Asker: 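Just dropping this structure here.
Note that the structure is predicted; figures quoted are calculated from it, not measured. Throughout, a chain's letter reflects where its sequence line sits, starting with A, and its residues are numbered from 1.
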Number of protein chains: 2
Amino acid sequence: MSKTDRRIIRTKNEIKQAFFSLLSEKNFEAITVRDITELANINRGTFYLHYVDKYNLLEQYENEIFEKFNAILDATTNLDLDINQFKQERLPVMVRILQVFYEEADFLKLILGPNGDPYFHEKMRQFFVRYFNAYLGNRTDKSKWRFPIELTLAYNSNAILGVITYWLQHDTQQSPEEIATMLIETILKGTFEASGLRSIFEKDSE
Amino acid sequence: MSKTDRRIIRTKNEIKQAFFSLLSEKNFEAITVRDITELANINRGTFYLHYVDKYNLLEQYENEIFEKFNAILDATTNLDLDINQFKQERLPVMVRILQVFYEEADFLKLILGPNGDPYFHEKMRQFFVRYFNAYLGNRTDKSKWRFPIELTLAYNSNAILGVITYWLQHDTQQSPEEIATMLIETILKGTFEASGLRSIFEKDSE
DNA sequence: AGAAATAATCAACACGATGTACATTATCTG
DNA sequence: CAGATAATGTACATCGTGTTGATTATTTCT
C-alpha cells in the first residue's frame, strides 16, 4: 500500500485552513463551497473530489475529535472503585478530557462557539451524559432520586459543556486541572460552597 | 387610527403556522421562503410584503419573547432583600420565568431545540447571567471567589437553560414550580445533596 | 528517467432559491 | 359603494449547487 498523494494532502490542508478561517468570521450555514475554494485558491470542482458537500467536510473533522474523546471513556469505565469517591474517580478522567479540549482548542473553539454547529454541541453534551452515567450507572438506585435523573443529567452536562465553551472562547486562561477542579467541586458542593462563599449564606431551612 | 387589515392578520397567521410546522421537521437554515409560502398557500411575493427575509421573520418572534422575559427582571431587580436569602428571593422569580417558558412552549421548544437558532440560545443564556447578576451584583465581593466569577456564571446559566430545554423537549411533564425548585436546590447544594443522595457520599476531604 | 496513474483545472450545464418589479385582481374599510 | 390596499401572477437577473467531460499538471512506481 502506498502513501497518500502529496497533492491530496496539500489540497486538504488548504481547504482546512480556509474553512477554519471562514468559521471564525461567519456562521457555518453562511459559508459556501465557493467561499472555501476561493480562499483556498483551488478549483471548486476539486472540492467535490474530496468531499460530498460542506456538511461532509465538517463531519470528518468532528469524527476525528469524537474518536479521541470516546477513547478516554472506553479506557476508564467499569473501574469498580469505592462507591463514595466521586471526586477521586472522576477528577482524573475530567482532566484527561480537558486536555483533549486544550489540544484541539483551535477547532473546538470555533465549532462550539456562536458560529458553530448545534448538532456537534448536542453530541458533545451527550458525551458528558455518558461521562456521568459511567459513574452513576452501577452505584445508585435511580428511584431514590428526588428529581428525575434526566433533569440532573441535563443540568450537569450543560453546565460542564458551558464552562468549557467559555474557557475555550476566552483563550484557555486556566489549566485543564483548574477547570476540572472547578467543575467537580461545583457539581459536588453547589456554586457558593465550591466558590468558598458558603459562610456568608445561611443553610436554608428546606 | 384603524385596525389592522384582516388580510394581513390571516396571512401572518398562515405564515406562522407553516413556519412552526416546518421548524419541527427541519433545521431553520434548511427552510426556504418557498417552503413556507407553499405550505401556507400564499404567493411567494406576499411573504416579502411583510418580512425582509426568513431571518427577519424569526427575529420578530424572538423579540416578542424577549420582551416578556426582560419585563420580569426589570420588575424584580434591586429588591434589597436580606443578603443571605438566595432561595427565598430567587425562587419566585425563577417560577415566573418558567411560567413564560410554559406559556410559550410551542415556540421555545422549537427554537431552543436541535433545529433551533444558536444565537437565540446564546441570548437566552445571557438572560440567565443577568438573572444571576441581579442577585449577586451588590451582595458579594467578587475578589473573594475561589474561581473566576465568569466561570461560575457560565456554569449556572448553561445548567439552567439546559434543564429548561430538556423540560420543554419532553413536553413539560413537571410544573414550573417543580423545575424552579430543582434548579435552585441544585445551584445551592450541588447535585447529590439536592437530589437527596448526599448521605451515601462522603464529604470529601478537600 | 520515463511511463502510467491520478489529481487538479477549466468550461459548461441544469436546477433551484433569492429578491425585486409591475400590472392585475381580490378584498377590506369607512 | 368607492377608494384604498393587500394578494396574485409573471417575469427577470443573480447566485450557489453538484455534475459532466476534456485537458493539463503533478506524482508515483518501476
Side-chain angles (χ1 to χ4, degrees), chain A residues 1-64 110 115-119, chain B residues 1-64 110 115-119:
Chain A
M1 52 182 159
S2 51
K3 301 179 64 173
T4 313
D5 196 309
R6 280 181 195 168
R7 288 169 293 184
I8 294 180
I9 297 173
R10 263 196 286 108
T11 299
K12 287 197 169 180
N13 270 336
E14 309 240 34
I15 289 176
K16 187 176 194 168
Q17 278 186 27
F19 179 53
F20 283 18
S21 166
L22 287 165
L23 213 46
S24 67
E25 285 171 11
K26 53 175 160 176
N27 193 285
F28 172 72
E29 292 293 341
I31 298 173
T32 65
V33 173
R34 273 197 123 80
D35 289 339
I36 298 171
T37 55
E38 273 172 22
L39 191 58
N41 277 308
I42 60 167
N43 191 278
R44 191 166 63 87
T46 306
F47 179 92
Y48 293 103
L49 255 38
H50 300 288
Y51 305 97
V52 172
D53 52 25
K54 66 171 179 169
Y55 299 97
N56 179 246
L57 172 70
L58 181 59
E59 201 184 345
Q60 296 198 14
Y61 299 136
E62 291 184 354
N63 288 343
E64 283 177 32
L110 296 174
N115 291 340
D117 175 14
Y119 288 96
Chain B
M1 50 181 162
S2 52
K3 299 178 67 173
T4 313
D5 196 309
R6 281 180 195 168
R7 290 168 293 186
I8 295 181
I9 297 174
R10 262 196 286 107
T11 300
K12 287 197 170 182
N13 270 335
E14 309 239 35
I15 289 176
K16 188 175 193 170
Q17 278 185 27
F19 179 53
F20 283 16
S21 166
L22 286 165
L23 213 47
S24 68
E25 285 171 12
K26 52 177 162 178
N27 193 285
F28 171 72
E29 293 293 341
I31 296 172
T32 66
V33 174
R34 274 195 124 79
D35 290 338
I36 298 171
T37 55
E38 273 173 20
L39 191 59
N41 277 309
I42 60 166
N43 192 278
R44 192 165 64 86
T46 306
F47 179 92
Y48 293 103
L49 254 38
H50 300 287
Y51 305 97
V52 173
D53 52 25
K54 65 171 179 171
Y55 298 98
N56 179 246
L57 171 70
L58 181 59
E59 200 185 345
Q60 296 197 15
Y61 299 137
E62 291 183 355
N63 288 343
E64 283 178 31
L110 295 174
N115 290 341
D117 174 13
Y119 287 96

Asker: B:Ile9 CD1 to D:dA7 P: how many Å, rounded?
Answerer: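 It is 11 Å, rounded to the nearest whole Å.
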
Asker: Walk me through whether A:Ile36 and A:Ile15 qualify under side-chain contact (heavy atoms from CB on, under 4.5 Å).
Answerer: CA-CA 7 Å; A:Ile36 298 171; A:Ile15 289 176; 4.1 Å; yes

Asker: Tell me the interatomic distance from A:Phe47, atom CZ, to C:dA7, atom P, rounded to whole angstroms.
Answerer: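 That distance rounds to 17 Å.
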
Asker: Can you see which heavy atom on B:Gly116 is nearest to which on B:Pro118, and at what distance?
Answerer: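 Heavy atoms of B:Gly116 and B:Pro118 come nearest at O-CD, 3.7 Å.
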
Asker: Between A:Asn13 and A:Arg10 (side chain of the first, backbone of the second, donor and acceptor by atom type, cut-off under 3.5 Å), is there such a pair?
Answerer: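 Such a contact is absent between A:Asn13 side chain and A:Arg10 backbone.
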
Asker: What string of B, S and - do you get for nucleotides 8-22 of chain D, 5' to 3', if B is base contact, S is sugar-phosphate-only contact and - is no contact with any protein heavy atom under 4.0 Å?
Answerer: BB------SBBB---

Asker: When you compare the side chain of A:Thr4 with that of A:Lys12, does any pair of heavy atoms fall below 4.5 Å?
Answerer: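 A:Lys12 does not reach A:Thr4 side chain to side chain.
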
Asker: Using the rule given for side-chain contact (heavy atoms from CB on, under 4.5 Å), can you reason through A:Thr37 versus A:Thr46, listing the C-alpha separation, both sets of side-chain angles and the distance that settles it, and then say yes or no?
Answerer: CA-CA 8 Å; A:Thr37 55; A:Thr46 306; over 6 Å; no

Asker: Go through the steps to decide whether B:Leu57 and B:Tyr51 satisfy the test side-chain contact (heavy atoms from CB on, under 4.5 Å), and finish with yes or no.
Answerer: CA-CA 6 Å; B:Leu57 171 70; B:Tyr51 305 97; 3.5 Å; yes

Asker: Locate the shortest heavy-atom distance separating B:Glu29 from B:Tyr55; write the atom from each residue and the value.
Answerer: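 Heavy atoms of B:Glu29 and B:Tyr55 come nearest at OE1-OH, 2.8 Å.
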
Asker: Using OP1 and OP2 only, check whether a side-chain N or O of B:Arg6 sits under 4.0 Å from C:dT27.
Answerer: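 Result: no.
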
Asker: Could you write out each protein N or O paired with an N or O of nucleotides 3-6 of chain C at a distance under 3.5 Å?
Answerer:
| unit_1 | atom_1 | unit_2 | atom_2 | d |
| --- | --- | --- | --- | --- |
| C:dT6 | O2 | A:Arg7 | NH1 | 3.2 |
| C:dT6 | O2 | A:Arg7 | NH2 | 3.3 |

Asker: Rounded off to whole Å, could you give me the NZ-to-C1' distance for the A:Lys12 and C:dA7 pair?
Answerer: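 After rounding, the reported distance stands at 12 Å.
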
Asker: Quick check against the 3.5 Å criterion: does B:Lys54 have a side-chain atom that pairs as donor or acceptor with the backbone of B:Phe28?
Answerer: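 Yes; at least one donor-acceptor contact below 3.5 Å.
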
Asker: Taking B:Leu110 as the fixed residue, which of B:Asp117, B:Leu22, B:Leu23 is the one that meets the side chain to side chain contact (heavy atoms under 4.5 Å, CB included) rule?
Answerer: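 The option that passes is B:Leu23.
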
Asker: Between B:Asn13 (CG) and D:dA6 (C1'), how many Å, whole number?
Answerer: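 Roughly 15 Å, once rounded to whole Å.
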
Asker: Between the two ends of the helix from C:dA1-D:dT30 to C:dG30-D:dC1, what is the bend in degrees, rounded to 10 degrees, where each end axis spans five pairs?
Answerer: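 Rounded value for the end-axis angle: 40°.
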
Asker: Could you check whether any side-chain N or O of A:Thr11 sits under 3.5 Å from a backbone N or O of A:Arg7, counting only pairs where one atom can act as donor and the other as acceptor?
Answerer: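 Judged by distance alone, yes, a pair lies under 3.5 Å.
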
Asker: Please step through side-chain contact (heavy atoms from CB on, under 4.5 Å) for the pair A:Phe47 and A:Val52, ending with a clear verdict.
Answerer: CA-CA 8 Å; A:Phe47 179 92; A:Val52 172; over 6 Å; no

Asker: Check whether any side-chain nitrogen or oxygen of B:His50 sits under 4.0 Å from OP1 or OP2 of D:dA7, and answer yes or no.
Answerer: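 Checking D:dA7 against B:His50, a side-chain N or O does come within under 4.0 Å of OP1 or OP2.
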
